[in-house]
Undergrad: 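I am attaching a structure below and will ask some questions about it afterwards.
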2 protein chains.
Amino acid sequence: MPKRPEVSAPRKAPGLSPLYRQVRTLLIQRIAEGHWRPGVLIPSEMQIAAELGVSQGTVRKALDEMTVENLLVRQQGRGTFVAQHDEARILFQFFKIAPDTGEPVFPESILRACVEAAADAGEAAALNLRAGAPVIRIARLRSLAGQAVISEYITVSAQLFPELGHDGALPNNLYAHYANRFGVTVAGGRERVKALPATAEDAPLLGLEAGAPVLLIDRVATALDGAPVEWRRSYCVTESCSYVSLLR
Amino acid sequence: MPKRPEVSAPRKAPGLSPLYRQVRTLLIQRIAEGHWRPGVLIPSEMQIAAELGVSQGTVRKALDEMTVENLLVRQQGRGTFVAQHDEARILFQFFKIAPDTGEPVFPESILRACVEAAADAGEAAALNLRAGAPVIRIARLRSLAGQAVISEYITVSAQLFPELGHDGALPNNLYAHYANRFGVTVAGGRERVKALPATAEDAPLLGLEAGAPVLLIDRVATALDGAPVEWRRSYCVTESCSYVSLLR
DNA sequence: CAGTGGTCTAGACCACGTC
DNA sequence: ACGTGGTCTAGACCACTGT
């Protein structure tokens with residue numbers, strides 16, 4: 001954090017981002033570089049403020065923003081923790097399929113395939129790789145309440161996730177695995193949703209006739225620095241569940 | 001705003017919400033009751049603080065929250081304004097259909113029907129009315145870049161929107177009309193998205209064969225107090241556009 | 001009890017838009 | 001020049017968690 005030359009009247013260098021944004025950027029780096037792992041308690045506001053030579057209020061504003069972005073979790077009386085990709089968070093932030101009656105639940109997964117390949121044009125574009133770069137392709141069938149409702153295809157860079165799934169088993173909660181095993185924190189993403197006829201491959205998996213309408217959720221997930229790290233296409237039966245979005 | 005008995009050490013009554021939340025609630029009431037209409041400049045932070053007997057910082061925190069909720073728009077050097085439902089805001093907050101190539105645009109509308117009727121079970125449940133209550137049903141066909149892509153069905157309470165559309169023409173931007181003509185501010189909503197086969201009624205409107213997949217966006221829009229005020233079902237062709245959602 | 005985040009206040013200066 | 005929101009600081013007390 002830049003030290004202020006003035007004694008009692010700190011000034012912001014013109015053209016620079018506000019102090020609290022600089023603090024935020026610095027703290028995000030600490031998470032991205034693995035100094036602060038998911039789940040750990042970070043220093044108190046006063047400690048961070050003293051270390052960086054800014055006031056507690058400035059640190060607070062940075063922490064508040066990061067809390068809104070789901071990067072931190074604050075607990076009064078305990079402290080501030082780096083957010084983890086536990087199922088509750090994913091249900092809230094990333095998994096927007098909810099049953100039409102009843103509470104949202106985290107889906108089960110059956111791994112259908114996990115192979116290494118060369119990136120095709122779509123994969124290269126989505127993940128910002130050169131065509132032909134090594135990627136890992138995963139296919140899963142996911143169930144809610146015992147019903148297979150999602151056929152999912154995932155592509156990631158084999159360079160970023162070396163030997164992902166080579167041990168045969170992949171955990172159901174992939175984003176926690178990305179963080180714990182590879183130090184890659186998924187922080188956000190962009191989904192494009194369409195209605196399509198079920199393909200000949202997916203229809204039997206989902207108990208449909210070929211051509212029946214399915215919901216495609218096309219997601220590019222991004223890391224803390226905004227770089228794309230996963231391309232996921234989920235084909236969903238929306239007979240008794242929906243893609244839910246809150247407008248706020 | 002509750003006056004504090006203490007002279008130099010304001011206290012919060014136990015069990016009450018924080019002061020800035022009470023300020024927020026009070027300011028939202030002023031908008032909901034029409035004292036502050038959409039688009040108007042509200043008093044400065046210092047004026048509100050003086051009027052309510054709280055500090056400027058407390059007012060600021062309330063205004064900041066309302067800005068995040070898209071209820072206010074702040075402009076440095078000018079002041080704070082009550083948010084309007086202009087096309088830019090709707091495009092950002094409510095209309096999540098975007099073309100797969102190119103920038104989002106606000107759709108054109110052709111009014112197909114506008115009739116008064118008695119609420120059926122679904123309408124009563126969505127709008128929190130008793131079955132049989134008077135409602136107004138609207139059907140529109142909406143286009144992007146000259147292509148009909150959305151067949152839309154809207155239901156509102158006839159009590160809340162008396163004689164809506166009785167003059168024959170309805171503006172394309174309905175939410176601005178709700179606010180200007182009826183003083184009802186749409187503040188949020190919840191959308192449930194499904195993939196369905198096109199009905200015999202919608203398919204020809206959208207240039208599809210009956211049974212072709214369409215995207216259903218089922219939206220209940222809510223007013224400032226959280227009460228449901230509009231039920232909207234949009235059937236979309238997603239051949240060259242998508243329902244876009246940012247995960248943050 | 002000590003330590004944490006949460007709230008509230010007060011005052012200073014900066015950046016921007018208007019007159 | 002003036003008033004606005006935007007940033008930064010400093011210090012107080014409250015509410016909660018753990019010992």
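Proteins get letters first, then strands, A, B, ... in listed order; numbering begins at 1 in each.
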Undergrad: Residues in ring-ring contact (aromatic ring centres under 6.0 Å, His included) with His177(A), at least two apart?
TA: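 Counting only residues at least two positions away or on another chain, His177(A) forms a ring-ring contact (aromatic ring centres under 6.0 Å, His included) with Phe182(A).
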Undergrad: Please tell me whether Thr155(A) and Arg233(A) have a donor and an acceptor in their side chains that are separated by less than 3.5 angstrom.
TA: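 Indeed, the side chains of Thr155(A) and Arg233(A) share at least one donor-acceptor pair under 3.5 Å.
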Undergrad: On DNA chain D, check which nucleotide each of Gln75(A) and Lys61(A) is closest to and give me the residue with the more 5' one.
TA: Lys61(A)
Undergrad: Could you tell me how far apart Ile48(A) (CD1) and dG5(C) (C1') are, to the nearest whole angstrom?
TA: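 Atom CD1 in Ile48(A) sits about 12 Å away from atom C1' in dG5(C).
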Undergrad: Can you check the Asp64(B) CG to dG6(D) C1' distance for me, whole Å?
TA: 9 Å
Undergrad: side-chain hydrogen bond (donor to acceptor under 3.5 Å, both in side chains) with Arg192(B): which residues, sequence neighbours excluded?
TA: none
Undergrad: dC16(C), dC8(D), dC8(C): which one has an atom nearest the side-chain heavy atoms of Leu19(A)?
TA: dC8(D)
Undergrad: Run the side-chain hydrogen bond (donor to acceptor under 3.5 Å, both in side chains) test against Ser234(B) and tell me which residues pass, sequence neighbours left out.
TA: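 Partners of Ser234(B) under the side-chain hydrogen bond (donor to acceptor under 3.5 Å, both in side chains) test: Glu152(B).
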Undergrad: Rounded to whole Å, please give me the gap between CD in Glu65(B) and P in dC8(C).
TA: 11 Å
Undergrad: I want to verify a distance call: between dG5(D), dC8(C), dA10(D), whose nearest atom is closest to the Ser55(A) side chain?
TA: dA10(D)
Undergrad: Ring-plane angle category for Phe106(A) and Phe95(A), please: parallel below 30°, perpendicular beyond 60°, tilted otherwise.
TA: tilted
Undergrad: Do any side-chain nitrogens or oxygens of Thr58(B) fall under 4.0 Å of OP1 or OP2 in dT9(C)?
TA: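 So the side-chain polar atoms of Thr58(B) do come within 4.0 Å of the phosphate oxygens OP1 or OP2 of dT9(C), strictly under.
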Undergrad: Heavy atoms from C-beta onward define the side chain here; which of dG6(C), dC8(D), dT4(C) lies closest to that of Arg74(A)?
TA: dG6(C)
Undergrad: Please report, rounded to the nearest Å, how far the P atom of dG3(C) is from the CD atom of Gln47(A).
TA: 11 Å
Undergrad: Can you check the Gln76(B) CD to dC14(C) P distance for me, whole Å?
TA: 13 Å
Undergrad: Just jot down the salt bridge (charged side-chain N to carboxylate O under 4.0 Å, His left out) partners of Arg30(A), sequence neighbours excluded, or say none.
TA: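 Per chain and number, Arg30(A) pairs via salt bridge (charged side-chain N to carboxylate O under 4.0 Å, His left out) with Glu51(A).
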Undergrad: In this structure, how many angstroms lie between the C1' atom of dT19(D) and the CZ atom of Arg78(A), rounded?
TA: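 These atoms are roughly 14 Å apart.
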Undergrad: Classify Gln56(B) by what it touches in the nucleic acid, base, sugar-phosphate, or nothing, heavy-atom distance under 4.0 Å.
TA: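 No contact at all - Gln56(B) keeps every heavy atom at 4.0 Å or more from the nucleic acid.
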Undergrad: Nearest whole Å is fine: how far is dG6(D) P from Leu72(B) CG?
TA: 11 Å
Undergrad: Within this structure, what is the CE-to-P distance between Met46(B) and dT4(D), rounded to whole angstrom?
TA: 9 Å
Undergrad: For DNA chain D, determine which residues of residues 38-45 of chain A have any heavy atom closer than 4.0 angstrom to one of its atoms, and list them numerically.
TA: none
Undergrad: Which pairs with one or both residues in residues 178-187 of chain A pass salt bridge (Lys or Arg N to Asp or Glu O under 4.0 Å), sequence neighbours excluded?
TA: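 Listed once each, the pairs would be none.
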